[in-house]
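Ligands are counted one by one from 1 in listed order, and the atoms in each one are counted from 1 as well.
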Amino acid sequence: MRIQGHIKKEVEQLRLLINYFNQQYYVHDDPQTSDEKFDTLMRELETLEAEHPYLVTPYSPTQRVGGVPAIKFKKIERETPMLSLGAMRSKAEALEFDKRVRKATDSNEVEYAVELKIDGLAVELEYHHGFFVRGSTRGNGLVGEDITANLKTLGAVPLTLDKIEDVVGHIPKRLTVRGEVFMHKADLKKLNKERKKNKEKPYPDTRTAASASLRRLDHRITAKRKLDVFFYSIVPTEDVSPLTQISSTEMLQELGFKVNPHTMAGYGMDWARQTVKEMRSLRKKLTYDADGVVVKVNSTHDQEKLGNSAKYPNWAVAVKF
Ligand code: IVH
């Protein structure tokens, strides 16, 4: 038994190290080891797991492409609907939105968070005790499709939140996060070149390609496509409830999720509109597609005060490019 305990520790340490290198590579674009060394670690883990199959868990880095293809997507019902965003089309609409927010929150100047609106498809990921257990598409908002196996194939999706206890202060029973899966422009070009060679129809844009690649019954096809993801929110619960949109983004990052670097906060609608303008000019330089900017009320408390309508939150709007 002593030997087996020793092996369990070795397996756990290997997983932590692999997760760390994986995160540096996929989340921070900052590789800390060579491909060869990374492969050696993976092979070591695979060997130990093959010799001691009782140590394999669904959250091991060796299990990103495990299991058999699905016959159909299971439906997932959620308690907190995934909403869409209303549009802000003019200065007049911006001032109107700001006026409503100031009135509802009883403030002279509102703190806003401004983010890029990533052009991909929205996903929700659930972590139980720090383990990734379920992931879904938005679907109609309340009911989505179970794409857990597909999401596991993305390097930027953490299978375990190894730092959760330090970041949150305890291990929450449930943590639900949301984000946008997308494809980089260069990866679409490569994929379409390949498709043309194989006499397959090229995808018209990165959003269609990301959606067609992620929503596959055979997740082994998803694994072959290069997909990326930016996370933008933590669904507030009694357990975990960041005070602002910006602190939510910071917490996501500390937990090991990839977040978009072009996220900032400032006071007043003039600032927000100026920032939207700056982000618009940033667009061409991005390696991925953004179809607009999202302006959100930064304080979670104020977001709750403002509430939601049937389709849209009253505390966030999209400025489309
Ligand atoms: S917030 C309740 N933030 O845009 C707030 N959405 O039209 C709703 N999207 O389905 C989402 N980037 O897929 C938010 N930084 C971002 C976003 C973002 C892209 C997508 C998301 C959503 C759609 C809303």
Original post:
Of the protein's non-hydrogen atoms, which lies at the shortest distance from atom 4 (O) of ligand 1, and what is that distance?
Top reply: K117 CE, 3.3 Å
Original post:
Hey, are D239 and T237 close enough side-chain-wise for a donor-acceptor pair under 3.5 Å?
Top reply: no
Original post:
At what distance is the nearest protein heavy atom to atom 12 (N) of ligand 1, and which residue and atom is it?
Top reply: I118 N, 3.1 Å
Original post:
Can R102 and D98 be counted as an ion pair, charged N to O under 4.0 angstrom?
Top reply: yes
Original post:
Would you call A318 a ligand 1 contact, heavy-atom distance under 4.0 Å?
Top reply: no
Original post:
Can you find a side-chain donor-acceptor pair between T206 and D119 that sits under 3.5 Å?
Top reply: no
**OP:** Give me the one residue out of R220, H219, R215, E145 that meets side chain to side chain contact (heavy atoms under 4.5 Å, CB included) with N150.
**Re:** H219
Original post:
Without hydrogens or angle criteria, can the side chains of Q245 and E115 be said to hold a donor-acceptor pair below 3.5 Å?
Top reply: yes
Subject >> Proximal ligand 1 atoms for E115, defined as those under 4.0 Å from one of its heavy atoms >> reply: 3 (N), 15 (N), 16 (C)
Subject >> atom 9 (N) of ligand 1: nearest protein contact (heavy atom, Å) >> reply: E180 OE1, 3.6 Å
Original post:
Looking only at distance, does L116 have an N or O less than 3.5 Å from an N or O of ligand 1?
Top reply: yes
Subject >> Closest to atom 14 (C) of ligand 1 (judged by heavy-atom distance), picking from Y312, F230, Y232, F182 >> reply: Y232
Original post:
Quick check: does L121 get an N/O under 3.5 Å from an N/O on ligand 1?
Top reply: no
Subject >> Heavy-atom gap P313 to ligand 1 smaller than 4.0 Å >> reply: yes
Original post:
Quick one: do E49 and R15 make a salt bridge, cutoff under 4.0 Å?
Top reply: yes
Subject >> Close aromatic pair by centroid cut-off 6.0 Å: Y59 and F132 >> reply: no
Original post:
Ring centroid separation for F230 and Y288, is it under 6.0 angstrom?
Top reply: yes
Original post:
Taking atom CD1 of I147 and atom OG1 of T222, what is their separation to the nearest 0.5 Å?
Top reply: 8.5 Å
Original post:
So which protein heavy atom does atom 7 (O) of ligand 1 come closest to, and at what separation?
Top reply: L85 N, 3.4 Å
Subject >> Shortest heavy-atom approach to atom 3 (N) of ligand 1 - which of M82, Q245, R138, K296 >> reply: K296
Original post:
If we only count N/O pairs under 3.5 Å, is W315 in contact with ligand 1?
Top reply: no
Original post:
Heavy atom under 4.0 Å from ligand 1: found in A122's side chain, backbone, both, or neither?
Top reply: both
